[in-house]
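Down below is the structure, laid out as C-alpha cells.
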Amino acid sequence: MFLGFIAGMFIDIFYNTIGANAAAMTFIAYIRTPILALLVPQRGYDERQVLSLKSMGLSWFVSYVMILTFVHHFILFSLEASDFGLILPILVKVIASTIFTTLVIVIIQFFRKD
C-alpha cells in the first residue's frame with residue numbers, strides 16, 4: 001500500500017491534483033488482494049508468477065485490469081468532481097477511460113518480453 005501511495009503522490013506532484021491520485025492508488029493497493037482472491041484461476045497462483053497477459057491468459061488479465069482500472073478511475077474522477085450531482089458525467093468518463101486504458105494496457109502486454 002505504501003508503494004501505491006508513493007506512486008500516486010508522484011503523479012499528484014506533476015499533475016497538481018492534491019492527493020486524488022494518491023488516494024486512488026492507495027485504495028487500489030488495498031483491494032488488490034481481495035480482487036486476486038476473487039479471480040483465482042483453476043490452477044491457482046504460483047508465488048513467483050508475474051501477472052501478465054502471457055502467463056494468465058487474455059480473459060483473466062482483461063478482467064483483472066478492467067476491475068482495478070474502473071475502481072481507480074471512479075475514485076479519481078469522483079474526487080476531482082467533488083459533487084455527486086455529476087454522477088452521470090462521471091460514469092461516462094469512467095467507462096470511456098476504463099475501456100481506453102484497458103485497451104492500451106493489453107496492447108502494451110503484447111509487446112512485453114516475459
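As the structure is a prediction and not an experimental result, all values here were calculated from the model.
- What you find for His72 and Ala24 is that their closest heavy atoms are CD2-CB, 3.5 Å.
- At a threshold of 4.5 Å between side-chain heavy atoms, the hydrophobic network of Ile, Leu, Val, Met, Phe, Trp and Tyr places Tyr30 and Val65 in one connected group.
- Neither Leu103 nor Leu68 shares a network with the other; the hydrophobic side chains, linked directly or stepwise wherever heavy atoms of I, L, V, M, F, W or Y lie under 4.5 Å apart, form separate groups for each.
- Note: Leu91 CG to His73 NE2 = 13.0 Å, rounded to the nearest 0.5 Å.
- In plain terms, the two heavy atoms of Phe77 and Val94 that are nearest each other are CD1-CG2, 3.5 Å.
- Of all non-hydrogen atoms in Gly4 and Met25, the two that sit nearest each other are O-CB, 3.1 Å.
- Between Ser63 atom OG and Ile35 atom CD1 the span is 10.5 Å, to the nearest 0.5 Å.
- Taking the six-membered ring where the residue is Trp, Trp60 and Tyr64 present parallel rings, their angle staying beneath 30° rather than reaching 60°.
- Looking at Ile107, Ile108, Thr101 one by one, the single match for side-chain contact (heavy atoms from CB on, under 4.5 Å) with Ile105 turns out to be Thr101.
- Both Phe10 and Phe5 belong to a common hydrophobic cluster when Ile, Leu, Val, Met, Phe, Trp and Tyr are linked at side-chain heavy-atom distances under 4.5 angstrom.
- In this structure, CZ on Phe110 lies 6.0 Å from CG on Leu58, to the nearest 0.5 angstrom.
- Considering every non-hydrogen atom in both Gly19 and Asp12, the closest pair reads CA-OD2, 3.0 Å.
- Between the CZ atom of Phe70 and the OG1 atom of Thr102 there is a distance of 11.0 Å, given to the nearest 0.5 Å.
- To the nearest 0.5 Å, the span separating CG on Asn21 from CD1 on Ile75 amounts to 11.0 Å.
- Both Leu39 and Ile31 are assigned to one and the same hydrophobic cluster, defined by single-linkage of ILVMFWY side chains at heavy-atom distances under 4.5 Å.
- Transitive grouping of hydrophobic side chains (ILVMFWY, heavy atoms separated by less than 4.5 Å) keeps Ile11 and Leu76 in distinct clusters.
- Interatomic distance, CE of Met9 versus OG1 of Thr17, reported as 8.5 Å (0.5 Å rounding).
- Summarising the geometry of Leu79 relative to Ala23, their closest heavy-atom pair is CD1-CB, 3.9 Å, with the distance given to 0.1 Å.
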